[in-house]
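Presented below is the structure to which this report refers.
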Amino acid sequence: MIAFVSGTVAALAPDAAVVEVGGVGMAVQCSPDTLSALRVGQAAKLHTSLVVREDSLTLYGFADDDERQTFELLQTASGVGPRLAQAMLAVHSPDALRRAVATADEKALTAVPGIGKKGAQKLLLELKDRLGAPVGTAALGSPVSQGWRDQLHAALIGLGYATREADEAVTAVTPQAEATEGAPQVGQLLKAALQTLNRAR
């Protein structure tokens, strides 16, 4: 098991980072929130979870160990694979997910792409005794709903776009973000922003 990778960030993509560890480039799948804190050429430490499949080995990276543990616990629920678990953490912090499960908040879970009403009900039942009690006091989704512009802007800068381009992309996706019920999903906004930048180039 690879518990973490620590080294220089060699490259960034919309859904992954390459971290150079001892001369080897480790590709790590990360959420937009985690990627937004990384910069090419700077040192980084990512807590990781290795997902083994018959045809692949995929490393998922997280800002801290709480995120990594939550990612692994989410996958103990039936129907939750690594991509859905990562999507859940892209929308909500670990503590927000714990609070959603503790308060049986279906709406919080259906805010995650790929989770419908029935899926949310099933997850609430299965995860009830697994995630544990919330430890913080932040409201559900508040870091994302209040700071999506900063997160998105930082992610675009981290991917190598100029400040002006990042500003324009954030402005372009603002109507989409404001039309979203609840917390805007930074991952979806990042994809939309990259599409507008690709069209502009």
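The basis for the numbers below is simple: all heavy atoms, side chains too, and nothing from hydrogens, waters or symmetry mates. Since the structure is predicted, the reported quantities are computational estimates derived from the model, not experimental observations. Throughout, numbering of the chain's residues begins at 1 and tracks the sequence.
- Between Val173 and Ala193 the shortest heavy-atom distance is CG1-N, 3.6 Å.
- For Gln176, there are no side-chain hydrogen bond (donor to acceptor under 3.5 Å, both in side chains) partners at least two apart in sequence or on another chain.
- Residues Leu194 and Val18 fall into different hydrophobic clusters, defined by Ile, Leu, Val, Met, Phe, Trp and Tyr side chains chained together at heavy-atom separations under 4.5 Å.
- For the side chain to side chain contact (heavy atoms under 4.5 Å, CB included) with Leu97, the lone residue among Leu123, Asp105, Leu109, Val112 that qualifies is Leu109.
- Remark: side-chain polar atoms of Ser56 are not paired, donor with acceptor, to backbone N or O of Val52 under 3.5 angstrom.
- Scored by the side-chain hydrogen bond (donor to acceptor under 3.5 Å, both in side chains) test, Thr171 finds no partners at all (sequence neighbours excluded).
- The shortest non-hydrogen separation linking Thr196 to Ala172 is CG2-CB, 4.1 Å.
- Between Pro14 and Leu35 the shortest heavy-atom distance is O-CD1, 3.2 Å.
- The side-chain hydrogen bond (donor to acceptor under 3.5 Å, both in side chains) search around Arg53 returns none, not counting sequence neighbours.
- With contacts defined as side-chain heavy-atom distances shorter than 4.5 Å, the pair Glu67/His47 does not qualify.
- Of all heavy-atom pairs between His92 and Ala111, the closest is NE2-CB, 4.4 Å.
- Classification of Arg98 and Asp66 as a salt-bridged pair holds, one side-chain N sitting under 4.0 Å from a carboxylate O.
- Annotation: side chain of Pro94 is in contact with side chain of Leu89 (closest heavy-atom distance under 4.5 Å).
- Within the structure, every pair that satisfies the ring-ring contact (aromatic ring centres under 6.0 Å, His included) test and touches residues 49-68, not counting sequence neighbours, is listed here: Tyr60-Phe71, Phe62-Phe71.
- Salt bridge status for Arg99 with Asp95: present, with a side-chain N to carboxylate O gap under 4.0 Å.
- Gln42 places none of its side-chain heavy atoms less than 4.5 Å from the side chain of Thr8.
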Can you give me every donor-acceptor pair (side chain of residues 20-32, partner residue at least two apart or in another chain, under 3.5 Å) with its distance?
| from | atom 1 | to | atom 2 | distance (Å) |
| --- | --- | --- | --- | --- |
| Ser31 | OG | Thr34 | N | 3.3 |
| Ser31 | OG | Thr34 | OG1 | 3.2 |

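- In this structure, Leu156 and Leu197 have side chains that are in contact, with non-hydrogen atoms separated by less than 4.5 Å.
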Could you give me the CA-CA distance, side-chain angles and deciding distance for Ser78 and Glu126, then say whether side chain to side chain donor-acceptor pair (under 3.5 Å) is met? CA-CA 8 Å; Ser78 59; Glu126 290 197 33; 2.6 Å; yes
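- Heavy-atom neighbours of Arg39 CZ from other residues, nucleotides or ligands within 6.0 Å: above the threshold of 12.
- A 4.5 Å side-chain heavy-atom check between Leu46 and Val19 finds at least one atom pair inside the cut-off.
- Partner of Ser49 under the side chain to side chain donor-acceptor pair (under 3.5 Å) criterion, chosen from Glu72, Arg68, Gln75: Glu72.
- For Thr48 against Gly61, the heavy-atom pair with the smallest separation is CG2-CA, 4.2 Å.
- Contact detail for Pro113 and Val91: the closest heavy-atom pair is CD-CG2, 4.2 Å.
- Under the side-chain hydrogen bond (donor to acceptor under 3.5 Å, both in side chains) criterion, Asp167 pairs with His153, not counting sequence neighbours.
- Phe4 and Leu38 fall into different hydrophobic clusters, defined by Ile, Leu, Val, Met, Phe, Trp and Tyr side-chain heavy atoms under 4.5 Å apart, directly or through other members.
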